[in-house]
Amino acid sequence: MKKFKHVIALVAMLLMILSSCSREDSNDLTAPDNKASLSFSTLLNDLMNSSKQQAADDLPACSDDAPAYVHVVLEGEENIGSLGNPLQIPVNSTPSDEDGDGDGVAEYFTEYSDDLELSPGNYQLVYFVVYNEDNEIIWVAPTEGGELAGYVDDALPIDISLGAGVKKYVDVNVLCYDNRMVNEYGYLFFDIITNEAIEFCFFANYCTDNGRHYTANYSVDIWLGTDNTGTPLYTNLTPATGINEDGDYYAGPVCAILPSNDDEDEEYIYYELSLLDWDENYGEVTPRIVSGTLSRSDIEANFGEDDTMDYEHIQFNCIPDQEIPPGPRCLPDPTGECEQFIFIEDVDIADFSGGNPQYPVFSEDGDAVGTITFNLEVNEEGRDLLSANVQLIAGWTGTAARITLPEYLNADDVCVRNINSSNFEVVYQAGAINYPVVVRFATNICPSGL
């Protein structure tokens, strides 16, 4: 990317090497026989003439501030710190020129920390950020996968092997920090800027033009800002998709860790969901994008009790306010927390290899709360019977339903009221039905107990 070419000079202007070799040092470190003591030393080098330097103008200078402390996260036999709460270790205030060559290279050492008196074993250093005394970031250790990882000798994570009784120093290569290029260090920007982050998940449905619902396959892109010119946070996140043991296709949610925001009502996150083809399920689709912005209150509105979280339901080509099929209004309007599910679909048993056509029932939030199974028969009088059997999941009850065939202009509606069951059937009888036929079915459903 072009912007990285402009960044290298800034990065190479100052490379701090937290010098690391396994060596004995009896000054400050004491380790019990069954423990290992870990520390970091810092060697500050000027690489203006390095082979990695590229000519560039108009770049800010690196900070001359001395390091005051570091934030560290270690994983292994013991987990030390986390991205949400890293371990803070002071840095000695007086640099030294340990090799005695008089080159003026400043070497800093982290001070002894009880938290780094560790059980012997294998560890990985996965996070390392250096601050000055004003609590400002001055150096960052880049991670593998970041665009700047190639400009240090050993990007994170760094493997560390600790033996019993060992007093060990570890090298960490760090680069000067510039907040304009925060993502290029290999962290999500809020891993560095702030340690407060919140999770947010999407789930999507797709509707055909005639109203049939599917679980959607989709991709998610997220930016910091209010449109797609902001800082990219995530690109092309996709759900896990497959088919379950019942033969039903499924797609999981897409979850992302997002930064928090001080102003709960300010919109600061922009997202785009793009509908993807799914050959085995619904086939090729017309490209569609659903976009939106989020505030902190929008995100937190999906939090439930006991650390539960609802998904942000996105619908591609679905019409949440479809009108009730035309005809006599024999179906009452839903009240309270009850809602109305409307199905408009071509139904043909021939498409189901001899099985009965089955479709999901969705709540207004897009959750699958049951199924409709259509059964097509001919009775003893030779009249066609089209029955819709509704089975709702636990927690939902059907109260009324209506079925009609809009292609048959003189056909009567069939309405059933006072159902109050999670498993019910509505039967439509006609002299002759030519399949496939468009069926319009509507049912009122309520959370159980209402």
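Just so it is clear, the structure is predicted and the values come from calculations on it, not from any experiment. Throughout, residue positions are numbered sequentially from 1 according to the sequence presented.
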Between [X] and [Y], a side-chain donor and acceptor under 3.5 Å:
| X | Y | value |
| --- | --- | --- |
| Y69 | N132 | no |
| S448 | T397 | yes |
| N444 | E339 | no |
| D227 | T229 | yes |

Side chain of [X], backbone of [Y]: donor and acceptor closer than 3.5 Å?
| X | Y | value |
| --- | --- | --- |
| Y218 | F202 | yes |
| D277 | D279 | no |
| T371 | Y359 | no |
| S421 | F424 | no |
| K168 | S161 | yes |
| E78 | S119 | yes |

Start with the C-alpha distance between S37 and L116, add both sets of side-chain angles, then the distance that settles side-chain contact (heavy atoms from CB on, under 4.5 Å), and finish with yes or no. CA-CA 6 Å; S37 288; L116 292 182; over 6 Å; no

Rounded to the nearest 0.5 Å, how far apart are [atom1] of [X] and [atom2] of [Y]?
| X | Y | atom1 | atom2 | answer |
| --- | --- | --- | --- | --- |
| D65 | E136 | CG | CD | 7.0 Å |
| I243 | D248 | CD1 | CG | 7.0 Å |
| H313 | D367 | NE2 | CG | 4.0 Å |
| I445 | T399 | CD1 | OG1 | 9.0 Å |
| S291 | D221 | OG | CG | 11.5 Å |
| L87 | D115 | CG | CG | 5.0 Å |

For [X] and [Y], which heavy atoms make the closest approach, and how far apart are they?
| X | Y | result |
| --- | --- | --- |
| P157 | V126 | CB-CG1, 4.1 Å |
| F316 | S274 | CZ-C, 4.0 Å |
| S39 | T110 | OG-OG1, 2.9 Å |
| P86 | V73 | CB-CG2, 4.0 Å |
| A251 | T241 | CB-CG2, 3.9 Å |

Within a strict 4.5 Å, meaning less than it, do heavy atoms of the [X] and [Y] side chains meet?
| X | Y | answer |
| --- | --- | --- |
| V361 | I393 | no |
| N317 | R288 | yes |
| I137 | V130 | no |
| T373 | V390 | no |
| V70 | V129 | no |
| W139 | P67 | yes |
| T293 | I269 | no |
| T215 | F203 | yes |

Intermediate values then yes/no, ring-ring contact (aromatic ring centres under 6.0 Å, His included), Y282 and Y206: CA-CA 9 Å; Y282 48 72; Y206 162 62; 4.9 Å; yes

Excluding sequence neighbours, so at least two apart, what forms side chain to side chain donor-acceptor pair (under 3.5 Å) with D114?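 Checked D114 against side chain to side chain donor-acceptor pair (under 3.5 Å); matches are Y112.
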
Can you tell me if E133 has over 12 outside heavy atoms packed within less than 6.0 Å of its CD?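 For E133, atom CD is not crowded (no more than 12 foreign heavy atoms under 6.0 Å).
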
Check the pair I160, L38 against side-chain contact (heavy atoms from CB on, under 4.5 Å), reporting the backbone distance first and the verdict last. CA-CA 10 Å; I160 302 170; L38 180 62; 4.3 Å; yes

According to salt bridge (charged side-chain N to carboxylate O under 4.0 Å, His left out), who are the partners of E264, at least two apart in sequence or on a separate chain?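 So E264 forms a salt bridge (charged side-chain N to carboxylate O under 4.0 Å, His left out) with R296.
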
For L276 and T238: C-alpha separation, side-chain torsions, deciding distance, then whether side-chain contact (heavy atoms from CB on, under 4.5 Å) applies. CA-CA 9 Å; L276 301 178; T238 56; 4.2 Å; yes

Walk me through whether V72 and I89 qualify under side-chain contact (heavy atoms from CB on, under 4.5 Å). CA-CA 8 Å; V72 171; I89 311 170; 3.9 Å; yes

Taking only residues at least two apart or on different chains, which pairs with a member in residues 240-268 satisfy ring-ring contact (aromatic ring centres under 6.0 Å, His included)?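 Counting only pairs at least two positions apart or across chains, the ring-ring contact (aromatic ring centres under 6.0 Å, His included) contacts touching residues 240-268 are Y249-W278.
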
Check against ring-ring contact (aromatic ring centres under 6.0 Å, His included), Y131 and H71: CA-CA 8 Å; Y131 292 78; H71 278 175; 4.7 Å; yes

Ring geometry between F341 and F362 (parallel below 30°, tilted from 30 to 60°, perpendicular above 60°):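 Because their plane-to-plane angle lies in the 30° to 60° range, the rings of F362 and F341 count as tilted.
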
Would you check, one step at a time, whether the test ring-ring contact (aromatic ring centres under 6.0 Å, His included) holds for Y271 with F200? CA-CA 11 Å; Y271 64 83; F200 190 75; 7.3 Å; no

